[in-house]
Amino acid sequence: VDYITVDEPPIANFSVNPKEVFLPDAKVDLVSLSFNATRFQWLIRDKKGNIVWTDTNEVAKAQLLDTGYFDVTLIVKSKIGCADTASQLK
């Protein structure tokens with residue numbers, strides 16, 4: 001039997017809390033608010049674009065080890081592999 005699967009695309013969205021932290025305990029909570037997502041990839045990049053932290057959980061806690069501004073990206077995929085990306089850039 002041949003068939004075609006049609007699914008709604010995922011929509012990536014997330015929150016970061018708190019938005020400002022201080023060393024040495026620079027921890028932030030990352031929470032996916034995405035729609036129709038079953039797989040998650042978090043990326044935090046420094047100002048040079050280097051990935052300094054990554055995680056694959058829907059809800060994650062990032063520990064930052066340096067000062068500066070960081071870009072946060074969430075890539076999500078649906079159960080059939082469609083993807084969407086959301087970023088908060090500084």
Side-chain angles (χ1 to χ4, degrees):
V1 175
D2 291 333
Y3 63 92
I4 297 171
T5 300
V6 178
D7 196 7
E8 292 189 59
I11 300 172
N13 189 18
F14 65 91
S15 67
V16 177
N17 191 38
K19 296 211 182 268
E20 186 174 330
V21 293
F22 302 93
L23 292 175
D25 192 33
K27 294 179 184 171
V28 293
D29 293 316
L30 304 167
V31 178
S32 173
L33 305 172
S34 303
F35 169 77
N36 198 33
T38 58
R39 287 180 279 168
F40 307 87
Q41 177 69 58
W42 295 98
L43 302 167
I44 297 181
R45 291 184 171 90
D46 65 16
K47 61 187 170 205
K48 295 178 184 176
N50 299 313
I51 296 172
V52 297
W53 183 87
T54 185
D55 195 279
T56 57
N57 292 307
E58 185 174 359
V59 176
K61 184 177 288 288
Q63 172 82 40
L64 300 171
L65 304 175
D66 201 358
T67 60
Y69 295 101
F70 297 88
D71 297 334
V72 180
T73 299
L74 174 61
I75 303 165
V76 297
K77 290 187 178 180
S78 69
K79 64 184 175 187
I80 64 170
C82 296
D84 190 35
T85 301
S87 296
Q88 292 185 16
L89 309 175
K90 183 66 177 173

Note: Asp29-Lys61 ion pair, threshold 4.0 Å (strictly below): yes
Asp46 (side chain) donor-acceptor with Gly49 (main chain) under 3.5 angstrom: yes
Centroid-centroid distance, Trp53 to Phe70, less than 6.0 Å: no
Beyond-backbone contact of Val31 with Leu33, side-chain heavy atoms, under 4.5 angstrom: yes
Atom pair NZ (Lys47) and CG (Asp66), whose distance is rounded to the nearest 0.5 Å: 7.5 Å
From Leu23 atom CG to Leu65 atom CG, the distance as rounded to the nearest 0.5 Å: 8.0 Å
Side-chain donor or acceptor of Ser32 paired with backbone N/O of Ser34 under 3.5 Å: yes
Test item: side-chain donor near acceptor, Lys77 and Gln41, under 3.5 Å: no
Spatial distance of atom OG (Ser15) from atom CG (Asn17) [nearest 0.5 Å]: 7.0 Å
Validation row: Asn50, Arg45 side chains within 4.5 angstrom (heavy atoms): no
Closest non-hydrogen atom pair, Ser78 against Thr38: C-OG1, 3.4 Å
N/O donor-acceptor pair under 3.5 Å between Asp55 side chain and Trp42 backbone: no
Distance in Å, Leu43 CG paired with Thr54 OG1, rounded so as to fall on 0.5 Å steps: 4.5 Å
